[in-house]
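A quick write-up on the structure given underneath.
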Amino acid sequence: MSLKNLRTHYTTQIDPGKIGDDKVALAGWVHEVRDLGGICFVVLRDRQGRAQVTLVKKKIDRELFNFARKLIRESVISVRGSIKPEEKAPNGYELIPDEIELLNEADSPLPLDTTGKVDAELDTRLDSRFIDLRRSRTNAIFRIRHEVLHAVRNYLANDGFLETSSPKVVATATEGGTALFPITYFDREAFLNQSPQLFKQILMSGGMDRVFEIGPIFRAEEHDTRRHLNEATSIDIEASFVDHFDVMEILENMVEYVYNQVIENVPDALEVLGIELKVPKTPFLKLTYQEAIDIVNSHGEEELKWGDDLSTLSEHTIGEHVFQETGEEHYFIIDWPTEIKPFYAMPYEEKPEFSKSFDMMHRTMELSSGAQRIHVPEMLKNRIADQGLDPEGFDFYLRAFSYGMPPHSGWGLGCERFVMTMLGVENIRDVVLFPRDRRRLSP
Ligand code: ATP
Ligand code: MG
């Protein structure tokens, strides 16, 4: 028998009013067995939801009844039978089985409770991610993450962006500042790339015009926070013949679109998480860097001077201030001091100590950084040297600027931070299947 016959429908694909006498087969995990003596309910769970399998002792084969009663939780089964409308059951029907096939029996006790009745520590859940994913909350988070990435791809492709991929094994640091993971590449030292930045810029010289990449970035910093990973997923774009304001508009419109798509396409997952998503209103508020530090200083908990980077506390102060004033959680901070942004950020012609750069912020943290980039080779070389980096290491990159590099702009948006702020999740590790942090390397 073909394995495909083990499942004809997902639990949520059955319309009890329409199915009539047709036989169906559901496949999944034994979520719960409730044996009430004369009647036994087996709750079957698949990726999309749950179904109730009902066995009435007097009406059903005795052997099948006894077999169902003894099913062990989280074992894999396939159940074939007919559908009866039942308002009180999940999805409005019950399945009356002709046959239950046990495909693989689970050991007990389970490393984790899958019903959501017993809460487990994050570390315990991550150690047994395979079973944590069977919990409805975790399942909902990853179905939403899928929807977010799917919507991002749709949005950008519809806006003329080509999907590209850049190497993750590289010879030089992207921008200095960030710690890198060294690796052995045959007989040479190489690094895991911290960002696709330099490569996506080279593509602009290649005339690819508008590109995006969704891929891993590696940061070797010894973070121990709720919003840093050592391996994260970055959503990156680069576009020619546009400035930083143009790519900010692409970013805010994309964010708005993604929120709408999640609401439209995975309402059940939002419901599991108890979330009523509010779509961010565009255009987002734009604060200048100067206005942002003025807000911090007026709140009096911290004293920032021009040229300081924003601390976690100041990001919170500004985020709360914006939320109180506008009721919105997303905003931009623009016009950062050139000296605290990466070398490739374009300074303003008339005030070169300011750059055409921005961060997109959520009330609680930074989500994205972007800028118009320097496209003039001499200027770029000087900026690399100014930041104490060796221009020779950037040869492969700088060459692309000498033979016709158009003006261009772009940004990088952290996928995990985007999802965690959307869902109000406290720890970034909750929105990555297998997070990598200072302590965690397996699974
Ligand atoms: P932060 O200052 O918050 O550590 P960053 O300014 O170093 O972030 P960028 O280099 O600007 O980060 O990267 C662009 C985006 O990628 C960030 O806004 C963030 O959403 C995401 N990102 C960067 N580093 C990490 C990380 N270690 N873990 C998770 N996401 C990250
Ligand atoms: Mg940044």
Side-chain angles (χ1 to χ4, degrees), residues 145 148-149 152 166 168 173-181 192-201 212-238 244 247-248 251-252 254-255 258 284 289 292 308-316 318-319 329-345 355-371 373 387 409-422 425-440:
R145 182 180 159 125
V148 166
L149 289 172
V152 162
S166 64
K168 303 306 149 206
T174 304
E175 44 197 82
T178 311
L180 299 172
F181 289 109
L192 293 177
N193 207 3
Q194 72 196 59
S195 144
Q197 182 63 29
L198 306 187
F199 293 95
K200 60 180 183 162
Q201 285 191 264
F212 76 101
E213 171 168 348
I214 300 175
I217 56 170
F218 301 90
R219 309 267 166 125
E221 280 142 2
E222 296 193 358
H223 304 292
D224 207 351
T225 76
R226 292 167 182 276
R227 64 177 201 287
H228 286 101
L229 294 161
N230 293 107
E231 178 178 0
T233 311
S234 183
I235 300 165
D236 263 87
I237 75 156
E238 204 66 31
H244 55 310
V247 291
M248 277 190 252
L251 181 53
E252 64 195 1
M254 187 188 86
V255 168
V258 171
F284 296 168
Y289 167 83
D308 286 343
D309 216 339
L310 300 180
S311 62
T312 306
L313 176 64
S314 45
E315 286 180 359
H316 277 117
I318 305 162
E329 299 198 292
H330 295 79
Y331 63 101
F332 287 107
I333 301 178
I334 62 170
D335 298 355
W336 290 72
T338 306
E339 65 183 57
I340 56 171
K341 279 294 170 187
F343 64 78
Y344 47 77
S355 56
K356 298 184 180 180
S357 59
F358 60 87
D359 278 6
M360 186 188 71
M361 309 294 296
H362 178 263
R363 184 178 176 184
T364 51
M365 70 189 78
E366 176 194 318
L367 296 185
S368 170
S369 286
R373 325 297 193 184
Q387 299 223 342
S409 304
W411 43 253
L413 165 68
C415 167
E416 287 81 14
R417 290 194 190 175
F418 188 27
V419 174
M420 78 184 281
T421 51
M422 174 183 283
V425 166
E426 284 287 311
N427 196 314
I428 196 165
R429 292 160 184 79
D430 258 319
V431 302
V432 199
L433 285 169
F434 302 105
R436 290 291 171 259
D437 62 27
R438 214 164 71 197
R439 287 167 296 119
R440 187 168 283 281

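In listed order, ligands and their atoms are each counted from 1.
Ring geometry for Phe218 versus Phe181: interplanar angle over 60°, hence perpendicular rather than tilted (30 to 60°).
For ligand 1, one of its N or O atoms has an N or O atom of Gly414 under 3.5 Å away. Remark: ligand 1 and Ser234 share no N or O pair separated by less than 3.5 Å (distance only, no angle test). Polar contact check, Ile428 against ligand 1: no nitrogen or oxygen pair lies under 3.5 Å apart. On a distance-only criterion, Leu413 and ligand 1 share no N/O pair closer than 3.5 Å.
With ligand atoms numbered from 1 in the order given, ligand 1 contributes 14 (C), 15 (C) to contacts under 4.0 Å with heavy atoms of Gly412. Remark: ligand 1 atoms within the under-4.0 Å shell around heavy atoms of Ala232 are 28 (N), 29 (C), 30 (N). Residue Ser369 has at least one heavy-atom neighbour below 4.0 Å for each of these atoms of ligand 1: 11 (O). Set against the non-hydrogen atoms of Arg227, the atoms of ligand 1 under 4.0 Å away are 28 (N), 29 (C). Atoms of ligand 1 lying under 4.0 Å from any heavy atom of Ser368, numbered from 1 in the order shown and given with element: 18 (O).
Atom 25 (C) of ligand 1 has its nearest heavy-atom neighbour, among Arg417, Met365, Gln194, in Arg417. Residue nearest to atom 17 (C) of ligand 1, selected from Arg219, Glu366, Glu416: Glu366 (by heavy-atom distance).
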Please assess Thr421 against Glu329 for the test side-chain hydrogen bond (donor to acceptor under 3.5 Å, both in side chains), listing each intermediate value before the final yes or no. CA-CA 9 Å; Thr421 51; Glu329 299 198 292; over 6 Å; no
Just do the side-chain contact (heavy atoms from CB on, under 4.5 Å) check on Trp336 and Asp309 with the steps written out, would you? CA-CA 9 Å; Trp336 290 72; Asp309 216 339; 3.6 Å; yes
Walk me through it: do His228 and Ile428 pass the test side-chain contact (heavy atoms from CB on, under 4.5 Å)? CA-CA 7 Å; His228 286 101; Ile428 196 165; over 6 Å; no
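Using a cut-off of 2.8 Å, one finds that Glu366 contributes an N/O/S atom close to the Mg ion (ligand 2). In summary, an N, O or S atom of Ser369 is located under 2.8 Å from the Mg ion (ligand 2).
Of the possible donor and acceptor atoms, one in the side chain of Asp437 sits under 3.5 Å from a partner among the backbone N and O of Arg440.
Aromatic ring centres of His244 and Phe358: separated by at least 6.0 Å.
Using a cut-off of 4.0 Å between Lys/Arg side-chain N and Asp/Glu carboxylate O, Asp359 and Lys341 are scored as salt-bridged. The pair Glu213-Lys168 meets the salt-bridge criterion, with a side-chain N (NZ, NE, NH1 or NH2) lying under 4.0 Å from an Asp/Glu carboxylate O.
Looking at Arg227 and Thr364, their side chains never bring a donor and an acceptor atom within 3.5 Å of each other.
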